[in-house]
Amino acid sequence: MTMDKSFDATTAEARIAAEWEAANAFAAGANASRKETFTVMIPPPNVTGSLHIGHAFNNTLQDILVRWHRMRGFDTLWQPGQDHAGIATQMVVERRMAERQEPNRREIGREAFVEKIWAWKQESGDTIINQLKRLGASCDWSRNAFTMSGAPGAPKGEEGNFHDAVIRVFVDLYDKGIIYRGKRLVNWDPHFETAISDLEVENREVPGHMWHFKYPLAGGETYEYVERDEDGNVTLRETRNYISIATTRPETMLGDGAVAVHPSDERYAAIVGKLCEIPVGPKKHRRLIPIITDEYPDPTFGSGAVKITGAHDFNDYAVAMRNGIPLYALMDSKGAMREDGLSYEDSAEIATRAAQGEDVGDVSNVNLVPEHLRGLDRYEARERVIAEITAEGLAVTYLHKEIDKETNAEHLERRALVDAKPIMQPFGDRSNVVIEPMLTDQWFVDTQKIVGPALEAVRDGRTQILPEQHKKVYFNWLENIEPWTISRQLWWGHQIPVWYGLDLSLEGQVDDDHDGALDEVEIFALLEEGLVHRDEIHHAAPHFAEVVEQFRDSIAGLPQPLEIARVIEVADRASAIDAFAQGLADYNLSQDPTKLVYPVWRDPDVLDTWFSSGLWPIGTLGWPETTPEMQKYFPTDVLVTGFDIIFFWVARMMMMQMEVVKNVPFHTVYVHGLVRDEKGAKMSKSKGNVIDPLLLIDEFGADALRMTLTSMAAMGRDPKLGPRHVEGFRNFVTKIWNATRFAEMNGVRGGGARPEPNHTVNRWIIGEVARIRLATDEALDSYRFNDAATGLYAFVWGKVCDWYVEFAKPLFDGEHAEETRATMGWVLDQCYLMLHPVMPFVTEELWALTGDRSKMLVHGDWPTYGDELIDAEADRQMNWVIALIESIRSARAQIGVPAGAKLDLIVTEADASARAALAANAPLIERLARVNAPQDGAMAKGMIAVAAQGASFALPIGDVIDAAAESARLDKAKGKALKDADGLRKRLGNPKFVENAEAEVIEETREKLAALDEDISRLDAALAQLAAM
RNA sequence: GGGUGAUUAGCUCAGUGGUAGAGCGCUUCGUUCACAUCGAAGAUGUCAGCGGUUCAAAUCCGUUAUCACCCA
């Protein structure tokens, strides 16, 4: 058999992947030889996704851990799967529909749209799986999971019970009061028309403007406005009839509820509690709002006064809540100015009463957008508001001077004061549109109630976060956690299992005469009084049938005959009102109680994707069923993930698993960095610096890419990746391939037991193998992937290829040939074994090529030997030999001896141990240093000197020795040795060092110094001889 | 504004108390039969600055500067 000159990754990888698959090599428990389990949950990629470099990195690290444990005989499960990624997937499918000019989702309706997404999921869902397989990911693909499996409408092939787990947890948390519904200010994405969580908002600095406007005091009142410098000197004093406000969002002025100043701000003390006028809107119905104090305004920033628009700004919301300021919503779900609700005139009237302290109740119907601005986009409305205020002279102005170039005339003009400055603006991370804080009804997880155990588990070490620095981030976020908005106004996702019904039980209004039954008059009153304004009650249950029972209980207390109404499901609230009214009317005519219905409707919203992926560890193992997998593999062992989803995912998994199954989801979280481009920049499509891992695999092979990423995986650092790095590791693949090829050409076969050779070289390399095995396990044990990879790289290239293979060459003809073949076969086997977790393909291929194996390498047995294989004498001798060869090579090169020339090697001096090393390894030295067999002799003219531990050598290089060059070479070496020795001597001369330093360190220092002194004396001798000639 | 991290060879980065390393690049040499996707030899450093702790600091502490990221 002859091997090719290099590894053909493209064809071999596909073939090997198929072999692994055919052998079921990655199945849970494959190759298990012990009881301990090792479980890793893949961070589920988006189902729309394709493999990017971050996935390649993340999954390489997981695969290393998994393959390593599998080879060590652990009962190993790497659980794969995909995330339905609600907003992202819905976006992708909608975009595709638009591109194909198909009807949009509202036109085709929810059911058809969801069906389309499922179809698309099935079409594209395998893409990422196949890409992960190309990377070599050894997941148990037969267990592939999906966060929407088993949801209503799921097509064939998507039966799983993840949906059951999600719904069950929702209902459970609902019943415990941990999930609640509330009207709160949430981040609203006007593009997708859905609420999103804080984490899905990206704050970016963008160029913006700050406008300054005057809010005139009510009734033309005035006050003395005084500004002082730091020392209290008056810098400005004027009489003002207004308070100046700065804003970056003038359109929200329409919804202002107050102007706030800091309680310590003396400039405004006189007017606190008075009313001022919002300088926009129809003159006739100008709104007045109070001037209040609050800790929020910063007196040193701008005018020190801020407008409070509670319904459109999170800070203002907090101020409004503290001070009882009404929240006036101005915009609709698309971010346009509202068109619904009361007229501006009526609205302004109510708002004015509210400003004067009157309790006006629910203001959701109040629409303070003047009629001429209704329906406008928020940015258009902004321009109009600015223009109107400026036209009225209520913008703060400055005097602008312009000189006419032709006439030299000065033009003075008052201009509106507008600061152009960068402002922080919130953007939707998916839609890239500016997020609008909106007051809406949403579902929330009261995270405060479940955060405790998640914090505790990390504090007491039940779950370890590596590197440790990320613990702080985790604590910091969880300790200040906000309620989690989990409802999304989307169609793709787990529909919230909550049904609503009208609350008919309010304050005895229904049954006016309290006789426990409705008479005709009361029925009509109920209908006329306006069901529309009634509140709602809601219940949660996994299925409609169960929720019916709960509604029956709810209406049981209602007056006759409502208490026996049939609970039916309708589409929405409006249908419910219609159906209820119809039922009542029918009953009134017929007195037939079966006509009475109590219609309920289901919440149309779906759950945040992260709510379901938060259950990934248990959901994929079959929970809520009590499955054998759940019992065996939970809690899982290691979660490997990027720092960017610690909050999104890790923290939530911790909270949810602790709450639901009262156990940590994993023992260790290994947090890796973000792969950056060669210059350290974040990869992004817009920058065009994205590296496609599949292209790198095509060009260099998966092993090379994996090895590159692994060698860069220093904990807590971001790997910086460029193609040339991968090229270097591709060369490494070729290197080990060719070492094997050399071995094969010399009759070496793998698969044998560890030999017990006699030759020093063979004994030495076995000890080196033992060392790297210990180092590799230690590195992997502590998640120092880069140390494992670079250690193996240096061992295979620097020890095995550079030295051992070279040493072995002369041994193949002679008495040690057999043991050398056996040793080399074994050494290479160990290389394949230890490299396999990082470079699975080429090692599997070499494993198959080099011997008759009982198992594939993927199920190879990870070595366990250690120090006992190190032969100290062989170690000493080979290090001596290597040092000598390097010295001779160095001397030859510096003096300029032609590389091909073979020189005599004269031993001028040697102690017993040097002689022993020389005798045992002379042929190796002759070959690698290109010298003739050593012979005793004396230094003479035309020779250069080479020193080794315990020995001196001379190399005759012919007549034309350049004495000056030789003496320069020796001087240089001596200089360095002197300098080093000097440092060491100083250190040893310091009594404090001898007193305090560890004995080992002192001993080491002494030995070093002794060796240096020996070198120096040899160099001196050589120099003296040179001078004498 | 708050937090975290970084600053080491021309470049990209390892290195957590004992006098600095790798890969790439560079220079010189080499077609010895595993590999030119190779081999041999070599050059290159105030370990960001300043203080401190220590017998000993790239490493620990403080501080300054610059950069990056996260959160407001």
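What you see below is based on every heavy atom in this structure, not just the backbone, and it leaves out hydrogens, waters and symmetry mates. In what follows, chains carry the letters A, B, and so on, assigned in the order in which the sequence lines appear, proteins first and then strands, with residues in each chain numbered from 1.
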Going by side chain to side chain contact (heavy atoms under 4.5 Å, CB included), name the residues that satisfy it together with A:E482, two or more places apart in sequence or in a different chain.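 A:D198.
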Sequence neighbours excluded, the answer for side chain to side chain contact (heavy atoms under 4.5 Å, CB included) partners of A:L984 is A:R987, A:T1005, A:K1008, A:L1009, A:L1012
For nucleotides 35-39 of chain B, tabulate all protein N/O to nucleotide N/O atom pairs closer than 3.5 Å, reporting atom names and distance.
unit_1 : atom_1 : unit_2 : atom_2 : d
B:C35  : O4'    : A:N738 : OD1    : 3.2
B:C35  : O2     : A:K735 : NZ     : 2.9
B:C35  : N3     : A:K735 : NZ     : 2.9
B:A36  : OP1    : A:K5   : NZ     : 3.4
B:U37  : O4'    : A:N731 : OD1    : 3.2
B:U37  : O2     : A:R730 : NE     : 3.0
B:U37  : O2     : A:T734 : OG1    : 2.4
B:C38  : OP1    : A:N731 : ND2    : 3.0
B:C38  : O3'    : A:K735 : NZ     : 3.1
B:G39  : OP1    : A:K735 : NZ     : 3.1
B:G39  : OP1    : A:W797 : NE1    : 2.4

Inspect the contact between A:E436 and A:R249 and indicate whether a charged nitrogen and a carboxylate oxygen are less than 4.0 angstrom apart.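 Salt bridge flag = yes for A:E436 with A:R249.
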Rounded off to whole Å, could you give me the [atom1]-to-[atom2] distance for the [X] and [N] pair?
{"X": "A:N746", "N": "B:A34", "atom1": "CG", "atom2": "P", "value": "7 Å"}
{"X": "A:I646", "N": "B:G5", "atom1": "CD1", "atom2": "P", "value": "13 Å"}
{"X": "A:H725", "N": "B:A14", "atom1": "NE2", "atom2": "C1'", "value": "12 Å"}
{"X": "A:E202", "N": "B:C70", "atom1": "CD", "atom2": "C1'", "value": "12 Å"}
{"X": "A:I645", "N": "B:C69", "atom1": "CD1", "atom2": "P", "value": "20 Å"}
{"X": "A:R985", "N": "B:U19", "atom1": "CZ", "atom2": "P", "value": "17 Å"}
{"X": "A:K976", "N": "B:G45", "atom1": "NZ", "atom2": "C1'", "value": "14 Å"}
{"X": "A:Y317", "N": "B:A72", "atom1": "OH", "atom2": "P", "value": "17 Å"}

Please check the phosphate of B:A40 (OP1 and OP2 only) for any side-chain N or O of A:S890 closer than 4.0 Å. no
Distance, nearest 0.5 Å, that separates [atom1] of [X] from [atom2] of [Y]:
{"X": "A:E468", "Y": "A:K471", "atom1": "CD", "atom2": "NZ", "result": "4.0 Å"}
{"X": "A:Y793", "Y": "A:K735", "atom1": "OH", "atom2": "NZ", "result": "9.5 Å"}
{"X": "A:N762", "Y": "A:L811", "atom1": "CG", "atom2": "CG", "result": "6.5 Å"}

Each nucleotide N or O in nucleotides 53-57 of chain B that has a protein N or O under 3.5 Å away: list the pair and distance.
unit_1 : atom_1 : unit_2 : atom_2 : d
B:C55  : OP1    : A:N996 : ND2    : 3.4
B:C55  : O2'    : A:N990 : ND2    : 2.8

Give me the atom names and distance for the closest heavy-atom approach of A:P719 to A:M712. CB-CB, 3.6 Å
For residues A:E13 and A:A702, report the shortest heavy-atom separation together with the two atoms involved.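 Scanning both residues, the minimum pair turns out to be OE2-N, 2.7 Å.
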Give me the ring orientation class for A:W737 and A:F7: parallel if the planes are under 30° apart, tilted from 30 to 60°, perpendicular past 60°.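 It falls in the tilted class, 30° to 60°.
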Nearest-angstrom distance, [atom1] atom, [N] to [M]:
{"N": "B:U37", "M": "B:C26", "atom1": "P", "answer": "14 Å"}
{"N": "B:A65", "M": "B:A41", "atom1": "P", "answer": "47 Å"}
{"N": "B:U66", "M": "B:U27", "atom1": "P", "answer": "38 Å"}
{"N": "B:A40", "M": "B:G17", "atom1": "P", "answer": "33 Å"}
{"N": "B:C67", "M": "B:C60", "atom1": "C1'", "answer": "24 Å"}
{"N": "B:U8", "M": "B:G15", "atom1": "C1'", "answer": "9 Å"}
{"N": "B:G18", "M": "B:A58", "atom1": "C1'", "answer": "13 Å"}
{"N": "B:U16", "M": "B:G39", "atom1": "P", "answer": "28 Å"}

Between A:F647 and A:R652, is there a cation-pi geometry (under 6.0 Å to ring centre, at most 45° from the normal)?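 No, A:R652 and A:F647 do not form such a contact.
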Axial cation check for A:F427 ring with A:R204, 6.0 Å and 45° limits: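 Yes, A:R204 lies over the aromatic ring of A:F427.
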Indicate whether any N or O donor in one side chain lies under 3.5 Å from an N or O acceptor in the other, for A:T740 and A:Y832. yes
If only side-chain N and O atoms count, and only distance matters, is there a donor-acceptor pair under 3.5 Å linking A:R784 with A:S782?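 Per modelled atom types, A:S782 and A:R784 side chains form a pair under 3.5 Å.
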Would you indicate what [X] reaches in the nucleic acid, counting non-hydrogen atoms under 4.0 angstrom: base, sugar-phosphate, or nothing?
{"X": "A:L984", "value": "base"}
{"X": "A:V1001", "value": "base"}
{"X": "A:R930", "value": "base"}

Taking only heavy atoms on the protein side, list every residue of residues 784-794 of chain A lying under 4.0 Å from any atom of RNA chain B, sorted numerically.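 Close to the strand are A:N786.
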Does A:K1008 or A:A743 map to a spot on RNA chain B nearer the 5' end, using the closest nucleotide for each? A:K1008
Under the rule of Watson-Crick or G-U wobble with both distances under 3.5 Å, where | means paired to another strand and [ ] a crossing pair, RNA chain B maps to (((((((..((((....[..)))).(((((.......))))).....(((((..]....)))))))))))).
When the aromatic ring centroids of A:Y670 and A:F785 are compared, is their separation below 6.0 Å? yes
Intermediate values then yes/no, salt bridge (Lys or Arg N to Asp or Glu O under 4.0 Å), A:R771 and A:E768: CA-CA 5 Å; A:R771 281 208 178 93; A:E768 292 291 340; 3.2 Å; yes
